[in-house]
Asker: 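First, the structure itself, so that you have it in front of you.
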Amino acid sequence: RKEVEQDPGPFNVPEGATVAFNCTYSNSASQSFFWYRQDCRKEPKLLMSVYSSGNEDGRFTAQLNRASQYISLLIRDSKLSDSATYLCVVIHRLYKYIFGTGTRLKVLA
Amino acid sequence: EAQVTQNPRYLITVTGKKLTVTCSQNMNHEYMSWYRQDPGLGLRQIYYSMNVEVTDKGDVPEGYKVSRKEKRNFPLILESPSPNQTSLYFCASSPWRGLAADTQYFGPGTRLTVL
């Protein structure tokens, strides 16, 4: 079983739709969680950190469920510019980052 | 401008010819790391460094070497490249927050082809 698992998609959604991604992790000792965005073969860029209490940044909401060992990302009112691959990242030791393989989102006009 | 730079951005080489990919950051970050990205496998950590002269293996270190003689630089060395090292490589850096590393900032990537 992979340490961090994501549905690869693609998720094809119309503009204005709400879409949600989940990411599961296997190590219960995992400490920090992030969502990154990656445009085609470019460098990943931080979208948001994920906190136990959940956090929101504009149209984006991230949640952490430690009991079930998953994190989620919700995108409301999808824009064409949201089309990208979304990477889930988990730190389960102080220094080791584990990336999911990513979920592809395509927002359609 | 705060950034991570990598050179070269594109490289085509032949099996066995030693090469170095440079990585430099201007943010005074303690933590630096190298990843390779392959289709279907995502980003996998090759090596990381917690500070000058402190390095450790990631998930896929075979065939690679690194050094951290200065805080800002973290070169990746392929002593004898092989075709299975054809990949997209990213360097990243991160500040420490308390006892743990935090958000990583990535370089633009190096696309390496080994023939």
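Proteins come first, then strands; the chains are lettered A, B, ... in the order of their sequence lines, and each starts at number 1.
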Asker: Any idea which heavy atoms bring T101(A) and G40(B) closest together, and the distance?
Answerer: CG2-O, 3.7 Å
Asker: Could you report the tightest heavy-atom contact between Y36(A) and Q104(B), atom names first, then the distance?
Answerer: OH-N, 2.7 Å
Asker: Give a yes or no on this: more than 12 heavy atoms of other residues, nucleotides or ligands lie within 6.0 Å of atom CD1 of I12(B).
Answerer: no
Asker: Just to be sure I understand the criterion: a residue of residues 79-92 of chain B counts if one of its heavy atoms is under 4.5 Å from a heavy atom of chain A. Which ones qualify?
Answerer: L88(B), F90(B)
Asker: When you group the ILVMFWY residues by side-chain heavy-atom contacts below 4.5 Å and let the links chain together, are I91(A) and W35(A) in the same group?
Answerer: no
Asker: Using non-hydrogen atoms and a 4.5 Å limit, figure out which bit of Q38(A) sits close to chain B: side chain, backbone, both or neither.
Answerer: side chain
Asker: I'd like to verify something: which residue of P44(A), P8(A), G102(A) has the highest number of heavy-atom pairs under 4.5 Å with chain B?
Answerer: P44(A)
Asker: Answer with yes or no whether the hydrophobic clustering places L47(A) together with F34(A); edges join I, L, V, M, F, W, Y residues whose side-chain heavy atoms lie under 4.5 Å apart.
Answerer: no
Asker: Are L46(A) and I71(A) grouped together when hydrophobic residues (ILVMFWY) are joined by side-chain heavy atoms under 4.5 angstrom apart?
Answerer: no
Asker: Heavy-atom distances under 4.5 Å only: say whether L41(B) touches chain A with side chain, backbone, both or neither.
Answerer: backbone
Asker: For a 4.5 angstrom cut-off between non-hydrogen side-chain atoms, does D59(B) reach I98(A)?
Answerer: yes
Asker: Treating Ile, Leu, Val, Met, Phe, Trp and Tyr as nodes and any side-chain heavy-atom pair under 4.5 angstrom as an edge, say whether F74(B) and Y97(A) lie in one connected cluster.
Answerer: no
Asker: Tell me, for R44(B) versus chain A, whether the close heavy atoms (under 4.5 Å) come from the side chain, the backbone, both or neither.
Answerer: neither
Asker: Could you work out, with side chain to side chain contact (heavy atoms under 4.5 Å, CB included) as the rule, every residue matching T24(A), not counting sequence neighbours?
Answerer: R1(A), E5(A), Y70(A)
Asker: Side chain, backbone, both or neither: which part of K2(A) has an atom under 4.5 Å from a heavy atom of chain B?
Answerer: side chain
Asker: Decide whether L78(B) and Y35(B) are clustered together by the hydrophobic rule: side chain heavy atoms of Ile, Leu, Val, Met, Phe, Trp, Tyr closer than 4.5 Å, transitively.
Answerer: no
Asker: So with a 6.0 Å cut-off around NZ of K71(B), is the heavy-atom count from everything else above 12?
Answerer: yes
